[in-house]
Amino acid sequence: QVQLVESGGALVQPGGSLTLSCAGSGFDLNSYAIGWFRQAPGAEREGVSCISQSEASAYYLDSVKGRFSISRDNTKNTVYLQIHFLKSEDTAVYSCAAGLHCSAQNFVYDYWGRGTQVTVSS
């Protein structure tokens, strides 16, 4: 059974940091580009970062550049998203998705996780 499972979401104070994980099973995650998306209440889902299969390329939404860092450990079938200097506007459900290439378009991705909640509040 193909699965993507996110973890690491939490309630964090502004300025704090988190590392989100996206673990794949039932398929070779290493053969896929992995994107991270987020959806805040009442807002559309937006792509925040993506990493290619070989880690040769990484992409970031302009508003998160310098604060988000994506990486992958192919030995663990896992992709990570480090988030620093968290802001209240980062509050959202963060989901990962697997596709053949990176894109901000949802339809490109074949597999999706259910998401993990990140809440930034004092």
Side-chain angles (χ1 to χ4, degrees):
Q1 181 182 1
V2 173
Q3 274 193 317
L4 282 172
V5 179
E6 303 90 342
S7 61
L11 171 63
V12 185
Q13 291 188 342
S17 298
L18 275 179
T19 298
L20 306 182
S21 299
C22 170
S25 61
F27 72 109
D28 183 14
L29 184 136
N30 303 332
S31 297
Y32 287 82
I34 302 298
W36 279 99
F37 291 77
R38 67 184 179 186
Q39 187 167 21
E44 292 188 357
R45 183 162 54 189
E46 63 176 355
V48 296
S49 186
C50 186
I51 188 167
S52 63
Q53 289 87 328
S54 63
E55 291 190 88
S57 300
Y59 304 92
Y60 299 94
L61 185 68
D62 284 347
S63 62
V64 307
K65 284 180 180 177
R67 298 192 300 117
F68 286 30
S69 177
I70 192 170
S71 62
R72 65 192 304 159
D73 185 341
N74 288 341
T75 66
K76 296 182 179 179
N77 238 30
T78 301
V79 172
Y80 304 97
L81 185 69
Q82 290 182 304
I83 309 175
H84 301 288
F85 307 109
L86 278 154
K87 305 175 181 180
S88 57
E89 51 262 44
D90 294 321
T91 295
V93 174
Y94 285 72
S95 302
C96 61
L100 293 183
H101 61 270
C102 282
S103 174
Q105 302 297 321
N106 293 354
F107 65 82
V108 166
Y109 296 87
D110 298 314
Y111 307 120
W112 288 83
R114 291 190 173 187
T116 185
Q117 176 70 47
V118 173
T119 302
V120 184
S121 175
S122 56

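The structure presented is a predicted model; accordingly, all values stated were derived computationally and were not measured.
Under the ring pair (Phe, Tyr, Trp, His ring centres under 6.0 Å) criterion, Tyr32 pairs with Phe27, Tyr111, sequence neighbours left out. For Asn30, the side-chain hydrogen bond (donor to acceptor under 3.5 Å, both in side chains) test picks out Asp28, with sequence neighbours left out. Take Thr119 and apply the side-chain hydrogen bond (donor to acceptor under 3.5 Å, both in side chains) test, not counting sequence neighbours, and it matches Gln117.
Summarising the geometry of Glu6 relative to Ser95, their closest heavy-atom pair is OE2-CA, 3.2 Å, with the distance given to 0.1 Å. Considering all non-hydrogen atoms of both residues, Leu29 and Cys22 come closest at CD1-O, 4.5 Å. In terms of heavy-atom proximity, Leu81 sits nearest to Ser49 at CD1-CB, 4.0 Å. For Pro14 against Ser122, the heavy-atom pair with the smallest separation is CD-N, 3.7 Å. Heavy atoms only, all atoms of each residue included: Leu11 and Ser121 are closest at CD1-CB, 4.1 Å. Summarising the geometry of Cys102 relative to Ser52, their closest heavy-atom pair is SG-N, 3.9 Å, with the distance given to 0.1 Å.
To the nearest 0.5 Å, atoms CD1 (Ile70) and SG (Cys96) are separated by 9.0 Å.
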### Message
Test side-chain contact (heavy atoms from CB on, under 4.5 Å) on Glu46 and Gln39; report intermediate values, then the result.
### Response
CA-CA 6 Å; Glu46 63 176 355; Gln39 187 167 21; over 6 Å; no
### Verdict with reasoning, Tyr94 to Ile83, per side-chain contact (heavy atoms from CB on, under 4.5 Å)
CA-CA 11 Å; Tyr94 285 72; Ile83 309 175; 4.1 Å; yes
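By the criterion of side-chain heavy atoms lying less than 4.5 angstrom apart, applied directly or through intervening Ile, Leu, Val, Met, Phe, Trp or Tyr residues, Leu20 is not grouped with Val93; the two fall into different hydrophobic clusters.
Judged purely by atom type and a 3.5 angstrom limit, Thr91 uses its side chain to pair as donor or acceptor with the backbone of Val120. Remark: side-chain polar atoms of Gln1 are not paired, donor with acceptor, to backbone N or O of Ser25 under 3.5 angstrom. Remark: the backbone N or O of Thr19 is not paired with any side-chain donor or acceptor of Gln82 at under 3.5 angstrom.
Using a 4.5 Å heavy-atom cutoff, the side chains of Asn106 and Arg45 are in contact. Residues Leu18 and Val118 meet the side-chain proximity criterion, which asks for heavy atoms closer than 4.5 Å.
Applying the 6.0 Å contact sphere to CD of Glu44 captures no more than 12 heavy atoms from other residues, nucleotides or ligands.
The ring pair (Phe, Tyr, Trp, His ring centres under 6.0 Å) analysis of residues 48-93, with sequence neighbours excluded, yields no pairs. Sorted by first then second residue, the side chain to side chain donor-acceptor pair (under 3.5 Å) pairs that include residues 66-78, not counting sequence neighbours, are Arg67-Asp90, Arg72-Asn74, Asp73-Thr75.
When hydrophobic side chains of Ile, Leu, Val, Met, Phe, Trp and Tyr are connected at separations under 4.5 Å, Phe107 ends up clustered with Phe37, Val108, Tyr109, Trp112.
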